[in-house]
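Right, one structure below, let's go through it.
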Protein chains: 2
Amino acid sequence: MTATDKGDTDAATPPRRASYANGERRRTELVEAAFRVFSERGFQSLSIRQIAQAIGVSHSLLLHHFGSREALIEAVLESRFERQAPDRETLLEERGLLDALPDLMRQNLELRGLIRLDATLRAEAVDADHPGHAHIARHRHNFFADVLAHLAVEQRRGRLRDGLDLATTAQQLTALVEGLEIAWLYDDTVDVAAHVEAFVALIRR
Amino acid sequence: MTATDKGDTDAATPPRRASYANGERRRTELVEAAFRVFSERGFQSLSIRQIAQAIGVSHSLLLHHFGSREALIEAVLESRFERQAPDRETLLEERGLLDALPDLMRQNLELRGLIRLDATLRAEAVDADHPGHAHIARHRHNFFADVLAHLAVEQRRGRLRDGLDLATTAQQLTALVEGLEIAWLYDDTVDVAAHVEAFVALIRR
DNA sequence: GTCTATACTGTGATAGAC
DNA sequence: GTCTATCACAGTATAGAC
């Protein structure tokens, strides 16, 4: 990450591990470069040639490493989720999803391009034959399952309203989060976190 | 429509109104044909050439009448909203938005392709320079304003929970509707109408 | 392994013939 | 009004340079 990385074996010549080919390293670099481009400019309107130009390589190189434009986008998405994962887990365990969610969303909204990417891909990948369909569907399902599990915990602790249908509530919360992202993209004065908080207050007893 | 077009002073064949050209008629036919295609197959994956083929005309003809693929899509969307408008107004006035909304959504979901079109366009037109941006933004804003107005009425009648922030609630309901459409597109067992109903119950006293 | 040049097909759009 | 070229650009695939 940092340019000042002196420990270890540091060198002008890249250190290689046995099992990882250099290709892996280069690929990661390209993913991060593309990540930066996407965060600023989104990806929807960018051709693979434009992306390559912004990074400073030929478009053929990107194709060589990723195989297709979609695969490149997927790789960037994947890295994005991984990057976020550690914080996410900590927050969830310490404070519970319902309380941590607003902060999690506040944090996400710092990367406008990425939110746009999520939202666009989500809508676009609805078709089962879209290249990113499986990836997005899995991600959505995992989020839904997380919400449902956390709701169950909250209910067991008696912190939810009586008579609440958990599956319904989980579905509502998922839809709310996704819908609010769109609303925020159209008007960034929309306070996503506050709306999520208000919903949580609504289902608490 | 007419192949026999000699001169408009004398020719008795097609009765024309002064301001409406025949082109208007043809355009409407094409919109309806495209509407049928979109309803079944969506539009995301269809090129303008494929749309033209499904209708049985050349792709240039569509371009001639609409100017661009986006404009064609917009025209179809527009006709769709107009088609729905009368029912909508009646329902809203008779029963109030909060109660009518679930039925309205049930009705909409009969046209899967159109819902997909709405959802996709909404995400895609987030960019201010997207051709459909103004159209979608206006439509979203109108819906939000409608919801807000109806909530105010409900509140005045004392039918809402105490201490509810109407702007927040309106934003939540809008996001919920849009988010649930996405959820339903990924899994059509999701009961959109029921979830909306449950949310309404949550904010009622 | 890393990278570029180039060619192939399909896209949205335009110009002009009938 | 409608169609047939034709355009520049897209994503992709391949061959080959270092």
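Every value quoted in this text rests on a predicted model; they were computed, and no experiment measured them. Letters A, B, ... are given to chains in the order of the sequence lines, protein chains preceding strands, and every chain is numbered from 1. Below, all heavy atoms of this structure are taken into account, side chains as well, without hydrogens, waters or symmetry copies.
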Exercise for the section: Write down the distance between CG (L61(A)) and C1' (dG11(D)), rounded to a whole number of angstrom. Expected result: 16 Å
Problem - Closest to side chain of Q50(B), choosing from dT4(D), dG12(C), dT11(C) - result: dT11(C)
Problem - Separation of dT4(C) C1' from L62(A) CG (nearest whole Å) - result: 12 Å
Problem - E29(B) CD - dG1(D) P separation (whole Å) - result: 11 Å
Fill in the blank from the handout: With the side chain defined as heavy atoms from C-beta on, L63(A) is closest, among dT4(C), dT12(D), dT11(C), to dT12(D)
Practice task
Could you tell me whether E24(B) and R27(B) make a salt bridge, using a distance below 4.0 angstrom between a side-chain N and a carboxylate O?
Solution key: no
Practice task
Tell me which nucleotide among dT6(D), dC3(D), dG11(D) gets nearest to the side chain of R49(B).
Solution key: dT6(D)
Fill in the blank from the handout: With the side chain defined as heavy atoms from C-beta on, I48(A) is closest, among dG11(D), dA13(C), dC3(D), to dG11(D)
Problem - 5' priority, DNA chain D, between H59(B) and G67(A) [closest heavy atom] - result: H59(B)
Practice task
Let me know the distance between NE2 of H65(A) and C1' of dC3(C), rounded to the nearest Å.
Solution key: 8 Å
Handout entry: Nucleotide dG1(D), atom C1' - distance to CD1 of I55(B) in whole Å
Key = 15 Å
Problem - Side chain S68(B) and base dA13(C) donor-acceptor under 3.5 Å - result: no
Practice task
For dT2(C), take OP1 and OP2 only and decide whether either is under 4.0 Å from a side-chain N or O of R26(A).
Solution key: no
Practice task
Classify the side chain of S60(B) versus the base of dT4(D) as yes if they form a donor-acceptor pair under 3.5 Å and no if they do not.
Solution key: yes
Handout entry: H64(A) side-chain N/O to dA13(D) phosphate OP1/OP2 under 4.0 Å
Key = no
Handout entry: Sidechain N-carboxylate O distance under 4.0 Å for R112(A), D188(A)
Key = no
Practice task
Measure the distance from CZ on R27(A) to P on dC3(C) and round it to the nearest whole Å.
Solution key: 14 Å
Exercise for the section: Specify the separation, in whole Å, of atom CZ of F66(B) and atom P of dT2(D). Expected result: 11 Å
Handout entry: Rounded interatomic separation in angstrom, taking CG from L46(B) and P from dG10(C)
Key = 16 Å
Exercise for the section: Evaluate the salt bridge (Lys or Arg N to Asp or Glu O under 4.0 Å) criterion for residues D103(B) and R95(B): first the C-alpha distance (whole Å), next the side-chain angles of each, then the deciding distance (0.1 Å), finally the verdict. Expected result: CA-CA 11 Å; D103(B) 280 347; R95(B) 303 170 41 197; 2.9 Å; yes
Problem - Side-chain donor/acceptor of R116(B) to backbone N/O of R41(B), under 3.5 Å - result: yes
Practice task
Return no unless some side-chain N or O of S47(B) is found under 4.0 Å from OP1 or OP2 of dG10(C).
Solution key: no
Completion exercise
The answer to which of E70(B) and L30(A) contacts DNA chain C further toward the 5' end, by nearest nucleotide, is L30(A)
Exercise for the section: On the 0 to 90° scale, with breaks at 30° and 60°, tag the F144(A)-H141(A) ring pair as parallel, tilted or perpendicular. Expected result: tilted
